Trainee: 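Take this structure first; my questions come after.
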Amino acid sequence: MGLVRKQAPEPEAPQVLDTDELVRRLDDPDPELRREAALELTGIPAAVPELLARVGLETEPRVRDAVLTTLAAHDSEAVAAGLAVHLASDEAGLRTAVAEALATMPGSVPALLPSLLAAPDHDVRVMTAMVLADLPHPEAKSWLVRMIAEDPHPNVVTAAIDALLPAASAEHRPVLEAAVLRFPDDPFLAFTVRAALPRLTGTA
Amino acid sequence: MAGATTSGSALSDADFARFTEYFYKRTGIHFSPGKRYFVDKRIDNCIRGSRYDTFASWFAALRMNDQAMLQELINQLTVNETYFLREDYQFDAMLGTVLPNVLAARGGVNRIVGPIKILSLPCSTGEEPYSIALRLLEEWEHIDHVDVEIHGADIDSDVLDKAAHASYGERSLQRVPKAWVNKYFTPVGAGRYQVDEGIRSAVTLHRMNVCDTAEMRRFREFDVIFCRNVLIYFDELSSRRAAENLYGALRPGGYLFLGHSESMSRISPIFTPARLPEGIVYQRPTGAK
């Protein structure tokens, strides 16, 4: 007993499965096999339609997250559009997971923004603000400012304010103060802005 | 703006962008323009050590899939400074809470089947896995009754060679009690001390990229993983992939330690955070097969 060196020889890397087998495993009853198959389909464009189809069907969150991680690596407009449809899902876990995946796709999400920002369902616009909160793109803050200034729904504007605040500076005071004036009957929005304003620093 | 390299090969902004894109795709490690000076210097070292005399010719050869060149580049561009017993409040957590929980989950001291497996990743020059070994040998009451496997892994083959040799200077050992140095190290001259053979031979070292799912499939059923201060080098997507791979390497119920400034909640929701007296640790859910 005590510290022991691994006795077995260095394990061989497990056999690499072909794409067809990996796609079949996306339906395996064992969620761990589904999760591993999803990860191993990384970088295989032919698997994208199957993976996209699984996003709305997969019931195990950890498997769904693996599917989303693999899909996000493609960072193409087709994949981003295929994921964005789930921002309108009634399932909170699914729409949040999809928003987190989209937030890692700075190459393709900008092309979707015109339609997302104009989505008739305001909940989709709220989720878009969540995407922009973490999207590593130089224009992310500008899009959030536009949402705050122009979106007609107070929940969307509040979500955009929440998303902007961690990176906000004194230059954003006017747009935040204007949002309070646009929605005078929304105490939560006003509270959020008034609590944040004293902490905003930088050039106005 | 062009970065000057001492080999005389000026790196343009476009070169830098192409290079960082290439390196990201191969390793998952992203260098922002703020790291320009650091990257320029190390590329220059690589060019000087190669048979190429310009960035263009060196980069062209690299992209022809020259594995030796890529490994040399990785060795240059990964930061490896560490020391014994760094952030040791997490070793306190391992001894005080995590290992008792692992033992209980696996049937207790007398009924556990197979060793407890601990992975240090990235292990750099070996200070972390050997620190774990020292803390276990000196402070864990069950070490004489339970087998423990310690593994170290890193993407950098040079540091793995140093970890295998396990010879350290005073700066690296400054937090190690003198009594432990006398007990577990042998002076090898020039103010350096080598970890004794018994401990060195008990730590298994591997070359491995945490973002590479195929490589990480070899790592399974770990009870505890230390993966500290590496995810901060990855962008969002690579961090997610690393998190998925770490999840796959843990037993259900296994524990993951991140660096003190890192948070899994910003990366992936698949782990369950557990607040211990010594800080946050992340757990693969026990209900997950």
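Numbered from 1 within each chain, the chains take letters A, B, ... in sequence-line order. Values in this document were obtained by computation on a predicted structure and should not be read as measured data.
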Trainee: Go through the atoms of A:Thr96 and report whether side chain, backbone, both or neither lie under 4.5 Å from a heavy atom of chain B.
Mentor: neither
Trainee: Do A:Arg25 and A:Glu21 meet the salt-bridge criterion of a basic N to acidic O distance under 4.0 Å?
Mentor: yes
Trainee: Should B:Arg220 and A:Glu36 count as an ion pair when the cut-off is N to O under 4.0 Å?
Mentor: yes
Trainee: Given that the side chain runs from C-beta out, which part of A:Asp134 has a heavy atom under 4.5 Å from chain B: side chain, backbone, both or neither?
Mentor: both
Trainee: Taking heavy atoms only and a threshold strictly under 4.5 Å, list by residue number the residues of residues 135-157 of chain A that touch chain B; give 'none' if the list is empty.
Mentor: A:Pro136
Trainee: Distance only, no hydrogens: is a donor on one side chain within 3.5 Å (strictly under) of an acceptor on the other, for B:Asp235 and B:Tyr24?
Mentor: yes
Trainee: Show the nearest heavy-atom pair for residues B:Leu160 and B:Arg207, with the distance to one decimal.
Mentor: CD1-CA, 3.4 Å
Trainee: Check this for me, if you would: do A:Glu40 and A:Arg35 make a salt bridge, where the nitrogen-to-carboxylate-oxygen distance has to be below 4.0 angstrom?
Mentor: no
Trainee: Report yes or no: do B:Arg240 and A:Thr69 form a side-chain donor-acceptor pair below 3.5 Å?
Mentor: yes
Trainee: Do B:Lys25 and B:Glu21 meet the salt-bridge criterion of a basic N to acidic O distance under 4.0 Å?
Mentor: yes
Trainee: From the options B:Tyr193, B:Tyr184, B:Trp180, B:Phe185, select the one residue that forms a ring-ring contact (aromatic ring centres under 6.0 Å, His included) with B:Phe84.
Mentor: B:Phe185
Trainee: Between B:Ile116 and chain A, with a heavy-atom cut-off of 4.5 Å, which part of the residue counts as in contact: side chain, backbone, both or neither?
Mentor: neither
Trainee: Measuring heavy-atom distances to chain A, does B:Leu237 have an atom under 4.5 Å in its side chain, in its backbone, in both, or in neither?
Mentor: both
